[in-house]
Amino acid sequence: MALKAVPICVSFSELGLCDFVQNKKRIPLFSSYRVNVAKLRKWECLGLKLAEPDRAQTHVEGEKTLSPSDLGSNSTDGGIEETQITESSGFHKDLNSLPKPLSATDLVSSGNDGSKVRVAYQGLPGAYSEAAALKAYPKCETVPCDQFESVFKAVELWLVDKAVLPIENSVGGSIHRNYDLLLRHRLHIVGEVQLIVNHCLLGMPGVRKEELKRVLSHPQALDQCEIALNKLGVVRVNAEDTALAAQIVASEGIRDTGAVASSRAAEIYGLDILAQTIQDDLDNITRFLILAREPIIPGFDKPHKTSIVFTLEEGPGVLFKALAVFALREINLSKIESRPQRKRPLRIVDDSNKGSATYFDYLFYIDFEASMAEPRAQYALGHLQEFARFIRVLGCYPMDTAL
(Lines give C-alpha, C1' and ligand atoms only; values in the text may rest on other atoms or scores of the structure.)
Protein backbone atom coordinates (compact mmCIF):
# COMPACT_ATOMS: atom_id res chain seq x y z
CA MET A 1 0.00 0.00 0.00
CA ALA A 2 1.55 3.27 -1.10
CA LEU A 3 1.92 6.00 1.51
CA LYS A 4 0.74 9.47 0.60
CA ALA A 5 3.42 11.94 1.64
CA VAL A 6 2.14 15.20 3.11
CA PRO A 7 4.45 18.21 2.68
CA ILE A 8 5.15 20.06 5.91
CA CYS A 9 6.04 23.74 5.90
CA VAL A 10 7.71 25.78 8.57
CA SER A 11 5.79 28.73 9.92
CA PHE A 12 7.67 31.72 11.25
CA SER A 13 4.63 33.03 13.06
CA GLU A 14 4.36 34.48 16.52
CA LEU A 15 5.16 31.07 17.96
CA GLY A 16 8.14 30.63 15.65
CA LEU A 17 8.55 27.18 14.15
CA CYS A 18 5.20 25.46 14.21
CA ASP A 19 4.10 22.52 16.35
CA PHE A 20 2.86 19.81 14.03
CA VAL A 21 -0.31 18.32 15.45
CA GLN A 22 -2.64 15.50 14.60
CA ASN A 23 -5.07 17.58 12.49
CA LYS A 24 -2.56 17.60 9.54
CA LYS A 25 -3.56 21.09 8.38
CA ARG A 26 -1.25 22.75 5.83
CA ILE A 27 0.53 25.79 7.18
CA PRO A 28 1.92 28.65 5.05
CA LEU A 29 5.69 28.84 4.86
CA PHE A 30 5.94 32.36 6.16
CA SER A 31 3.63 34.79 7.91
CA SER A 32 3.66 38.56 8.01
CA TYR A 33 4.35 38.74 11.74
CA ARG A 34 7.11 41.14 12.71
CA VAL A 35 8.26 42.45 16.05
CA ASN A 36 8.57 46.20 16.45
CA VAL A 37 11.88 46.04 18.30
CA ALA A 38 12.37 49.78 18.44
CA LYS A 39 9.03 50.27 20.17
CA LEU A 40 9.71 47.50 22.65
CA ARG A 41 13.07 49.01 23.56
CA LYS A 42 11.46 52.40 24.01
CA TRP A 43 9.02 50.90 26.52
CA GLU A 44 11.86 49.14 28.28
CA CYS A 45 13.78 52.40 28.65
CA LEU A 46 10.73 53.91 30.34
CA GLY A 47 10.96 51.16 32.96
CA LEU A 48 7.75 49.41 31.94
CA LYS A 49 7.73 45.65 32.35
CA LEU A 50 6.88 44.05 29.04
CA ALA A 51 4.37 41.25 28.97
CA GLU A 52 5.96 38.01 27.96
CA PRO A 53 4.86 36.67 24.56
CA ASP A 54 2.45 33.78 24.62
CA ARG A 55 5.17 31.46 23.45
CA ALA A 56 7.09 32.00 26.71
CA GLN A 57 4.05 30.78 28.65
CA THR A 58 3.19 27.72 26.60
CA HIS A 59 4.00 24.47 28.36
CA VAL A 60 3.93 20.79 27.63
CA GLU A 61 1.00 18.98 29.14
CA GLY A 62 1.67 18.26 32.76
CA GLU A 63 4.17 21.06 33.30
CA LYS A 64 3.27 23.68 35.87
CA THR A 65 3.93 27.35 35.28
CA LEU A 66 7.15 28.45 36.94
CA SER A 67 7.32 31.39 39.27
CA PRO A 68 10.57 33.26 40.00
CA SER A 69 10.86 31.30 43.26
CA ASP A 70 11.01 28.09 41.24
CA LEU A 71 14.20 29.14 39.47
CA GLY A 72 16.53 28.05 42.24
CA SER A 73 16.96 24.47 41.01
CA ASN A 74 20.49 23.20 40.95
CA SER A 75 22.20 23.30 37.58
CA THR A 76 24.37 20.31 38.27
CA ASP A 77 23.54 16.64 38.51
CA GLY A 78 25.76 16.13 41.56
CA GLY A 79 25.33 17.61 44.99
CA ILE A 80 27.68 20.16 46.47
CA GLU A 81 29.81 19.04 49.35
CA GLU A 82 30.13 21.82 51.85
CA THR A 83 33.72 22.50 52.80
CA GLN A 84 35.07 24.82 55.47
CA ILE A 85 37.75 27.07 53.94
CA THR A 86 39.74 29.54 56.00
CA GLU A 87 39.47 33.16 54.93
CA SER A 88 42.46 35.04 53.58
CA SER A 89 42.85 38.66 52.62
CA GLY A 90 45.26 37.89 49.76
CA PHE A 91 43.29 38.69 46.58
CA HIS A 92 45.23 38.46 43.33
CA LYS A 93 42.51 40.12 41.24
CA ASP A 94 39.74 42.58 41.98
CA LEU A 95 37.00 39.95 41.82
CA ASN A 96 34.35 42.54 42.60
CA SER A 97 34.92 44.05 39.16
CA LEU A 98 33.73 40.87 37.44
CA PRO A 99 30.11 40.70 36.19
CA LYS A 100 27.76 39.09 38.71
CA PRO A 101 25.60 36.16 37.55
CA LEU A 102 21.96 36.95 36.92
CA SER A 103 19.55 35.38 39.38
CA ALA A 104 15.78 35.11 39.40
CA THR A 105 15.46 38.42 41.26
CA ASP A 106 17.53 40.19 38.60
CA LEU A 107 15.27 39.21 35.71
CA VAL A 108 13.64 42.58 35.06
CA SER A 109 13.41 43.87 31.50
CA SER A 110 15.93 46.53 30.56
CA GLY A 111 16.96 48.40 27.43
CA ASN A 112 19.44 47.16 24.85
CA ASP A 113 20.91 49.63 22.36
CA GLY A 114 21.73 46.84 19.91
CA SER A 115 25.34 47.95 19.52
CA LYS A 116 26.64 44.54 20.60
CA VAL A 117 25.18 41.04 20.76
CA ARG A 118 24.50 40.08 24.37
CA VAL A 119 24.79 36.34 25.04
CA ALA A 120 23.71 34.67 28.29
CA TYR A 121 25.37 31.56 29.70
CA GLN A 122 25.25 29.58 32.94
CA GLY A 123 28.21 30.01 35.25
CA LEU A 124 30.84 32.63 36.03
CA PRO A 125 33.43 34.36 33.81
CA GLY A 126 35.93 31.73 32.74
CA ALA A 127 33.34 28.95 32.38
CA TYR A 128 33.43 26.74 29.31
CA SER A 129 29.97 28.04 28.36
CA GLU A 130 31.45 31.55 28.13
CA ALA A 131 34.20 30.19 25.86
CA ALA A 132 31.50 28.66 23.62
CA ALA A 133 29.68 32.01 23.45
CA LEU A 134 32.90 33.78 22.45
CA LYS A 135 33.61 31.15 19.80
CA ALA A 136 30.17 31.73 18.27
CA TYR A 137 30.26 35.54 18.65
CA PRO A 138 33.87 36.74 19.18
CA LYS A 139 32.84 40.37 19.86
CA CYS A 140 29.77 39.61 21.96
CA GLU A 141 29.05 40.82 25.48
CA THR A 142 28.71 37.74 27.67
CA VAL A 143 26.18 37.77 30.52
CA PRO A 144 26.64 35.17 33.30
CA CYS A 145 23.56 33.56 34.89
CA ASP A 146 23.45 31.49 38.05
CA GLN A 147 21.07 28.77 36.77
CA PHE A 148 20.07 27.25 33.43
CA GLU A 149 16.49 28.42 34.02
CA SER A 150 17.76 31.98 34.39
CA VAL A 151 19.49 31.70 31.00
CA PHE A 152 16.14 30.98 29.31
CA LYS A 153 14.38 33.77 31.19
CA ALA A 154 17.08 36.30 30.29
CA VAL A 155 16.34 35.73 26.59
CA GLU A 156 12.56 35.69 27.03
CA LEU A 157 12.60 38.98 28.96
CA TRP A 158 14.82 40.71 26.34
CA LEU A 159 17.73 41.11 28.76
CA VAL A 160 19.97 39.43 26.21
CA ASP A 161 19.78 38.59 22.53
CA LYS A 162 20.87 34.96 22.63
CA ALA A 163 21.86 32.18 24.99
CA VAL A 164 24.44 29.40 24.88
CA LEU A 165 23.46 26.12 26.52
CA PRO A 166 25.47 22.89 26.87
CA ILE A 167 23.49 19.90 25.65
CA GLU A 168 25.91 16.96 25.50
CA ASN A 169 29.50 15.97 26.19
CA SER A 170 31.47 13.29 24.38
CA VAL A 171 32.52 11.76 27.72
CA GLY A 172 29.72 12.63 30.15
CA GLY A 173 26.80 12.21 27.73
CA SER A 174 23.60 14.27 27.49
CA ILE A 175 22.57 17.01 29.90
CA HIS A 176 18.99 15.91 30.53
CA ARG A 177 17.99 19.00 32.49
CA ASN A 178 18.49 21.16 29.42
CA TYR A 179 16.44 18.84 27.21
CA ASP A 180 13.55 19.30 29.63
CA LEU A 181 14.00 23.10 29.60
CA LEU A 182 14.02 23.18 25.78
CA LEU A 183 10.54 21.68 25.78
CA ARG A 184 9.24 23.82 28.64
CA HIS A 185 10.25 27.12 27.01
CA ARG A 186 9.52 28.51 23.55
CA LEU A 187 13.00 29.57 22.49
CA HIS A 188 14.40 28.45 19.15
CA ILE A 189 17.70 26.76 18.36
CA VAL A 190 19.53 29.00 15.87
CA GLY A 191 23.01 27.47 15.97
CA GLU A 192 25.41 25.05 17.62
CA VAL A 193 28.98 25.24 18.92
CA GLN A 194 31.37 22.33 19.45
CA LEU A 195 34.10 23.17 21.95
CA ILE A 196 37.19 21.16 22.85
CA VAL A 197 37.39 20.93 26.65
CA ASN A 198 40.93 21.27 28.02
CA HIS A 199 40.95 20.87 31.79
CA CYS A 200 43.80 22.53 33.70
CA LEU A 201 44.91 22.16 37.31
CA LEU A 202 45.01 25.64 38.86
CA GLY A 203 46.54 26.81 42.13
CA MET A 204 47.77 29.86 43.98
CA PRO A 205 50.87 31.59 42.58
CA GLY A 206 54.08 29.84 43.64
CA VAL A 207 52.34 26.60 44.68
CA ARG A 208 53.49 23.26 43.27
CA LYS A 209 50.90 20.63 42.42
CA GLU A 210 52.48 18.21 44.90
CA GLU A 211 51.53 20.60 47.73
CA LEU A 212 47.80 20.32 47.00
CA LYS A 213 45.64 18.38 49.45
CA ARG A 214 42.26 18.93 47.80
CA VAL A 215 40.86 20.04 44.44
CA LEU A 216 37.55 21.78 43.72
CA SER A 217 35.54 21.58 40.49
CA HIS A 218 32.27 20.56 38.88
CA PRO A 219 31.56 16.85 39.56
CA GLN A 220 31.75 16.00 35.85
CA ALA A 221 35.11 17.75 35.48
CA LEU A 222 36.47 15.87 38.49
CA ASP A 223 35.31 12.56 37.00
CA GLN A 224 36.92 13.39 33.67
CA CYS A 225 40.29 13.96 35.39
CA GLU A 226 40.17 10.92 37.65
CA ILE A 227 43.55 9.42 36.66
CA ALA A 228 45.54 12.63 37.18
CA LEU A 229 43.83 13.43 40.49
CA ASN A 230 44.33 9.89 41.80
CA LYS A 231 48.06 10.19 41.13
CA LEU A 232 48.17 13.37 43.21
CA GLY A 233 46.22 11.71 46.02
CA VAL A 234 44.03 14.78 46.59
CA VAL A 235 40.53 14.98 48.07
CA ARG A 236 37.95 15.94 45.45
CA VAL A 237 35.38 18.57 46.45
CA ASN A 238 32.31 19.37 44.32
CA ALA A 239 31.50 22.91 43.17
CA GLU A 240 28.64 24.21 41.02
CA ASP A 241 30.90 24.89 38.05
CA THR A 242 34.56 25.01 37.10
CA ALA A 243 34.84 28.80 37.09
CA LEU A 244 33.31 29.03 40.57
CA ALA A 245 35.93 26.57 41.81
CA ALA A 246 38.69 28.82 40.44
CA GLN A 247 37.08 31.88 42.03
CA ILE A 248 36.89 30.17 45.45
CA VAL A 249 40.56 29.22 45.36
CA ALA A 250 41.58 32.76 44.35
CA SER A 251 39.32 34.60 46.81
CA GLU A 252 40.08 32.41 49.82
CA GLY A 253 43.82 32.17 49.07
CA ILE A 254 44.22 28.61 50.38
CA ARG A 255 47.58 27.35 49.16
CA ASP A 256 46.82 23.65 49.59
CA THR A 257 43.61 23.85 47.52
CA GLY A 258 43.50 23.72 43.73
CA ALA A 259 40.81 23.82 41.06
CA VAL A 260 40.10 22.06 37.78
CA ALA A 261 39.06 24.73 35.29
CA SER A 262 39.99 26.38 31.99
CA SER A 263 43.15 28.33 31.23
CA ARG A 264 40.94 31.39 30.77
CA ALA A 265 39.73 31.00 34.37
CA ALA A 266 43.37 31.01 35.53
CA GLU A 267 43.94 34.30 33.69
CA ILE A 268 40.78 35.92 35.06
CA TYR A 269 41.31 34.93 38.70
CA GLY A 270 45.09 35.31 38.85
CA LEU A 271 45.93 31.64 39.37
CA ASP A 272 48.88 29.60 38.14
CA ILE A 273 48.39 26.68 35.74
CA LEU A 274 50.04 23.78 37.57
CA ALA A 275 49.23 21.21 34.86
CA GLN A 276 47.49 21.32 31.48
CA THR A 277 45.33 18.79 29.65
CA ILE A 278 44.76 16.61 32.71
CA GLN A 279 41.55 14.99 31.43
CA ASP A 280 41.59 11.21 30.98
CA ASP A 281 40.20 11.40 27.43
CA LEU A 282 41.99 13.93 25.23
CA ASP A 283 39.08 13.97 22.74
CA ASN A 284 36.75 15.71 25.18
CA ILE A 285 34.21 17.81 23.27
CA THR A 286 31.09 19.57 24.53
CA ARG A 287 28.28 20.53 22.17
CA PHE A 288 26.40 23.75 22.91
CA LEU A 289 23.14 25.09 21.46
CA ILE A 290 22.56 28.75 20.61
CA LEU A 291 19.03 29.90 21.50
CA ALA A 292 17.06 32.97 20.42
CA ARG A 293 13.53 34.35 20.64
CA GLU A 294 12.91 34.02 16.90
CA PRO A 295 13.99 31.24 14.52
CA ILE A 296 16.28 31.78 11.57
CA ILE A 297 15.23 31.23 7.97
CA PRO A 298 16.70 27.89 6.86
CA GLY A 299 18.75 27.89 3.69
CA PHE A 300 20.89 25.79 1.37
CA ASP A 301 24.18 27.73 1.54
CA LYS A 302 25.75 25.42 4.16
CA PRO A 303 24.97 22.09 5.86
CA HIS A 304 22.02 22.42 8.22
CA LYS A 305 20.72 20.40 11.12
CA THR A 306 17.12 20.22 12.37
CA SER A 307 16.12 19.33 15.93
CA ILE A 308 12.65 17.99 16.72
CA VAL A 309 10.80 16.39 19.64
CA PHE A 310 7.79 14.07 19.32
CA THR A 311 5.70 11.42 21.04
CA LEU A 312 4.32 8.32 19.36
CA GLU A 313 1.09 6.35 19.38
CA GLU A 314 1.31 2.92 21.01
CA GLY A 315 1.76 -0.08 18.75
CA PRO A 316 4.24 -2.69 17.53
CA GLY A 317 7.14 -1.25 15.56
CA VAL A 318 5.97 2.35 15.82
CA LEU A 319 9.42 3.70 16.70
CA PHE A 320 10.91 1.73 13.79
CA LYS A 321 8.34 3.28 11.45
CA ALA A 322 9.07 6.75 12.82
CA LEU A 323 12.80 6.43 12.18
CA ALA A 324 12.22 4.86 8.78
CA VAL A 325 10.66 8.09 7.42
CA PHE A 326 14.17 9.59 7.50
CA ALA A 327 15.98 6.53 6.14
CA LEU A 328 13.57 6.33 3.18
CA ARG A 329 14.66 9.83 2.18
CA GLU A 330 18.38 9.30 2.90
CA ILE A 331 18.35 11.75 5.83
CA ASN A 332 21.06 11.03 8.37
CA LEU A 333 20.15 11.04 12.08
CA SER A 334 22.98 12.48 14.17
CA LYS A 335 21.28 12.26 17.59
CA ILE A 336 18.38 10.45 19.25
CA GLU A 337 17.47 10.91 22.90
CA SER A 338 14.46 9.65 24.86
CA ARG A 339 13.02 11.19 28.00
CA PRO A 340 10.00 9.94 30.02
CA GLN A 341 7.08 12.34 30.05
CA ARG A 342 6.94 14.00 33.44
CA LYS A 343 3.18 14.26 34.05
CA ARG A 344 2.14 10.86 32.76
CA PRO A 345 5.32 8.76 32.66
CA LEU A 346 3.39 5.47 32.65
CA ARG A 347 1.02 4.19 29.98
CA ILE A 348 -1.39 1.27 30.52
CA VAL A 349 -1.64 -0.97 27.46
CA ASP A 350 -3.68 -4.14 27.07
CA ASP A 351 -1.07 -6.18 25.20
CA SER A 352 -2.34 -9.69 25.92
CA ASN A 353 -5.41 -11.63 27.01
CA LYS A 354 -3.86 -11.92 30.48
CA GLY A 355 -4.38 -8.28 31.39
CA SER A 356 -2.77 -4.89 30.93
CA ALA A 357 0.90 -3.91 31.00
CA THR A 358 2.53 -0.68 32.15
CA TYR A 359 5.10 1.11 29.98
CA PHE A 360 6.97 4.39 30.15
CA ASP A 361 5.55 7.07 27.88
CA TYR A 362 8.50 8.73 26.14
CA LEU A 363 9.41 11.94 24.40
CA PHE A 364 11.91 11.44 21.58
CA TYR A 365 14.44 14.14 20.69
CA ILE A 366 16.04 13.76 17.26
CA ASP A 367 18.64 15.76 15.33
CA PHE A 368 18.72 15.08 11.58
CA GLU A 369 21.08 16.49 8.97
CA ALA A 370 18.80 18.34 6.58
CA SER A 371 17.38 21.83 6.24
CA MET A 372 13.67 22.49 6.62
CA ALA A 373 13.94 24.33 3.30
CA GLU A 374 14.51 20.96 1.61
CA PRO A 375 11.39 19.15 0.35
CA ARG A 376 12.69 15.81 1.65
CA ALA A 377 12.72 17.16 5.22
CA GLN A 378 9.19 18.52 4.85
CA TYR A 379 7.93 15.23 3.43
CA ALA A 380 9.68 13.28 6.21
CA LEU A 381 7.87 15.27 8.91
CA GLY A 382 4.60 14.88 7.03
CA HIS A 383 5.15 11.13 7.02
CA LEU A 384 6.13 11.12 10.71
CA GLN A 385 2.85 12.85 11.48
CA GLU A 386 1.03 9.62 10.69
CA PHE A 387 2.55 7.95 13.77
CA ALA A 388 3.10 10.87 16.15
CA ARG A 389 0.68 12.31 18.68
CA PHE A 390 2.79 15.46 19.03
CA ILE A 391 5.66 16.98 17.00
CA ARG A 392 7.55 20.19 17.60
CA VAL A 393 10.44 21.62 15.61
CA LEU A 394 12.95 23.03 18.10
CA GLY A 395 15.08 24.68 15.43
CA CYS A 396 16.78 24.46 12.06
CA TYR A 397 20.32 25.84 12.06
CA PRO A 398 23.77 25.63 10.40
CA MET A 399 26.00 22.81 11.60
CA ASP A 400 29.25 23.63 13.39
CA THR A 401 31.93 21.68 11.53
CA ALA A 402 34.99 23.49 12.98
CA LEU A 403 36.70 22.57 16.23
Side-chain angles (χ1 to χ4, degrees), residues 16-17 60 73-78 119-123 127-137 142 144-156 160 162-197 218-221 223-224 240-243 262 281 283-293 295-296 303-310 332-340 342 362-370 392-403:
L17 291 172
V60 183
S73 59
N74 204 337
S75 62
T76 63
D77 292 333
V119 182
Y121 67 94
Q122 187 275 328
Y128 291 106
S129 292
E130 185 191 37
L134 292 172
K135 179 184 177 183
Y137 304 98
T142 56
C145 299
D146 62 347
Q147 303 290 339
F148 287 127
E149 184 80 45
S150 300
V151 173
F152 281 83
K153 286 295 184 181
V155 180
E156 292 172 340
V160 297
K162 292 179 171 63
V164 168
L165 192 76
I167 199 67
E168 61 179 332
N169 177 263
S170 59
V171 178
S174 299
I175 302 175
H176 297 134
R177 167 66 173 162
N178 289 340
Y179 274 105
D180 296 339
L181 289 173
L182 278 174
L183 192 60
R184 182 179 301 173
H185 294 266
R186 284 289 182 160
L187 299 183
H188 304 274
I189 305 174
V190 297
E192 67 174 0
V193 178
Q194 297 191 81
L195 184 73
I196 297 177
V197 176
H218 186 279
Q220 192 175 86
D223 291 341
Q224 292 173 1
E240 288 193 30
D241 58 67
T242 57
S262 66
D281 191 339
D283 296 324
N284 190 342
I285 300 172
T286 298
R287 176 172 170 249
F288 296 82
L289 299 178
I290 304 173
L291 307 177
R293 288 179 292 274
I296 60 174
H304 275 65
K305 184 182 293 185
T306 301
S307 298
I308 64 173
V309 57
F310 60 90
N332 184 45
L333 301 182
S334 59
K335 171 77 173 179
I336 179 168
E337 184 82 24
S338 61
R339 295 283 292 153
R342 300 182 68 177
Y362 284 98
L363 290 162
F364 296 96
Y365 293 82
I366 281 183
D367 294 341
F368 61 86
E369 296 176 359
R392 176 178 161 193
V393 176
L394 298 171
C396 180
Y397 47 93
M399 297 172 56
D400 181 20
T401 56
L403 287 175

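Just so you know, residue 1 is the first one in the sequence shown, and it goes up from there.
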> Passes side-chain contact (heavy atoms from CB on, under 4.5 Å), Arg177 versus Gln147? Steps please.
Replying inline: CA-CA 11 Å; Arg177 167 66 173 162; Gln147 303 290 339; over 6 Å; no

>> Tell me every residue that passes side chain to side chain donor-acceptor pair (under 3.5 Å) with Asn332, counting only those two or more places apart in sequence or in another chain.
In response: Glu369

> In Å, rounded to the nearest 0.5 Å, how long is the span from CG of Leu181 to CG of Leu187?
Replying inline: 10.0 Å

> Hey, are the side chains of Val309 and Leu182 touching, using non-hydrogen atoms and a 4.5 Å cut-off?
Replying inline: no

> Heavy-atom distance under 4.5 Å between the side chains of Thr286 and Tyr128, does that happen here?
Replying inline: no

> Who are the side chain to side chain contact (heavy atoms under 4.5 Å, CB included) partners of Asp281, not counting sequence neighbours?
Replying inline: Val171, Asp283

> side chain to side chain donor-acceptor pair (under 3.5 Å) with Tyr397: which residues, sequence neighbours excluded?
Replying inline: Arg287, Ser307

> Which atom pair, heavy atoms only, marks the closest approach of Tyr179 to Tyr365?
Replying inline: O-OH, 3.0 Å

> Could you state the interatomic distance from CD (Glu149) to CG (Asn178), rounded to the nearest 0.5 Å?
Replying inline: 10.0 Å

> By ring pair (Phe, Tyr, Trp, His ring centres under 6.0 Å), which residues pair with Phe288, not counting sequence neighbours?
Replying inline: none

> Does the pair Asp146 and Glu240 meet the rule for a side-chain contact (heavy atoms from CB on, under 4.5 Å), with working shown?
Replying inline: CA-CA 9 Å; Asp146 62 347; Glu240 288 193 30; over 6 Å; no

>> Thr306: which residues meet the side chain to side chain donor-acceptor pair (under 3.5 Å) condition with it, sequence neighbours left out?
In response: none

> For the atom pair CD1 (Ile366) and CG (Leu394), what is the distance rounded to the nearest 0.5 Å?
Replying inline: 11.5 Å

>> Nearest 0.5 Å, please: how far is CD in Gln122 from SG in Cys145?
In response: 8.5 Å

> Tell me, do Val393 and Ile308 make a side-chain contact under 4.5 Å, heavy atoms counted?
Replying inline: yes

> Does Gln220 offer a backbone N or O that forms a donor-acceptor pair with the side chain of His218 under 3.5 Å?
Replying inline: yes

> What residues form a salt bridge (Lys or Arg N to Asp or Glu O under 4.0 Å) with Arg339, not counting sequence neighbours?
Replying inline: Asp180

> Got a sec, which residues hit ring pair (Phe, Tyr, Trp, His ring centres under 6.0 Å) with Tyr137, two or more places apart in sequence or on another chain?
Replying inline: none

> Does Ser170 reach the main-chain N or O of Ile285 with its side chain, forming a donor-acceptor pair under 3.5 Å?
Replying inline: yes

>> My understanding is that only residues two or more places apart in sequence, or in another chain, count here; which of them pass side chain to side chain contact (heavy atoms under 4.5 Å, CB included) with Ala127?
In response: Tyr121, Ala243

> Does Gln194 offer a backbone N or O that forms a donor-acceptor pair with the side chain of Lys135 under 3.5 Å?
Replying inline: yes

>> Minimum heavy-atom separation for Ile290 and Lys162, please, with both atom names.
In response: CG2-CD, 4.0 Å

> Can you name the side chain to side chain contact (heavy atoms under 4.5 Å, CB included) partners of Ala370, sequence neighbours left out?
Replying inline: Ile331, Phe368, Glu374, Arg376, Ala377

> Residues in salt bridge (Lys or Arg N to Asp or Glu O under 4.0 Å) with Glu337, at least two apart?
Replying inline: Lys335

>> Before you tell me yes or no, could you show the steps for Arg293 and Glu156 under side-chain contact (heavy atoms from CB on, under 4.5 Å), namely the whole-Å CA-CA distance, both residues' side-chain angles and the distance that decides it to 0.1 Å?
In response: CA-CA 7 Å; Arg293 288 179 292 274; Glu156 292 172 340; 5.8 Å; no

> What distance separates Glu168 CD from Leu289 CG, expressed to the nearest 0.5 Å?
Replying inline: 8.5 Å

> Of all heavy-atom pairs between Pro398 and Glu192, which one has the smallest distance, and what is that distance?
Replying inline: O-CG, 4.0 Å

> Do you know the tightest heavy-atom contact between Ala120 and Val160?
Replying inline: CB-CG2, 3.8 Å

>> Set out, in order, the CA-CA distance, both residues' side-chain angles and the distance that settles side-chain contact (heavy atoms from CB on, under 4.5 Å) for Val193 and Val164, then state yes or no.
In response: CA-CA 9 Å; Val193 178; Val164 168; 5.6 Å; no

> Which atom names give the shortest non-hydrogen contact between Val151 and Ala163, and what distance separates them?
Replying inline: CG1-CB, 3.4 Å

>> Applying ring pair (Phe, Tyr, Trp, His ring centres under 6.0 Å), can you list everything that pairs with Phe152, at least two apart in sequence or on another chain?
In response: His185

> Quick one: are Ser129 and Pro166 in side-chain contact, heavy atoms under 4.5 Å?
Replying inline: yes

>> Return the CG to CD1 distance between Leu291 and Ile189, rounded to the nearest 0.5 Å.
In response: 6.5 Å

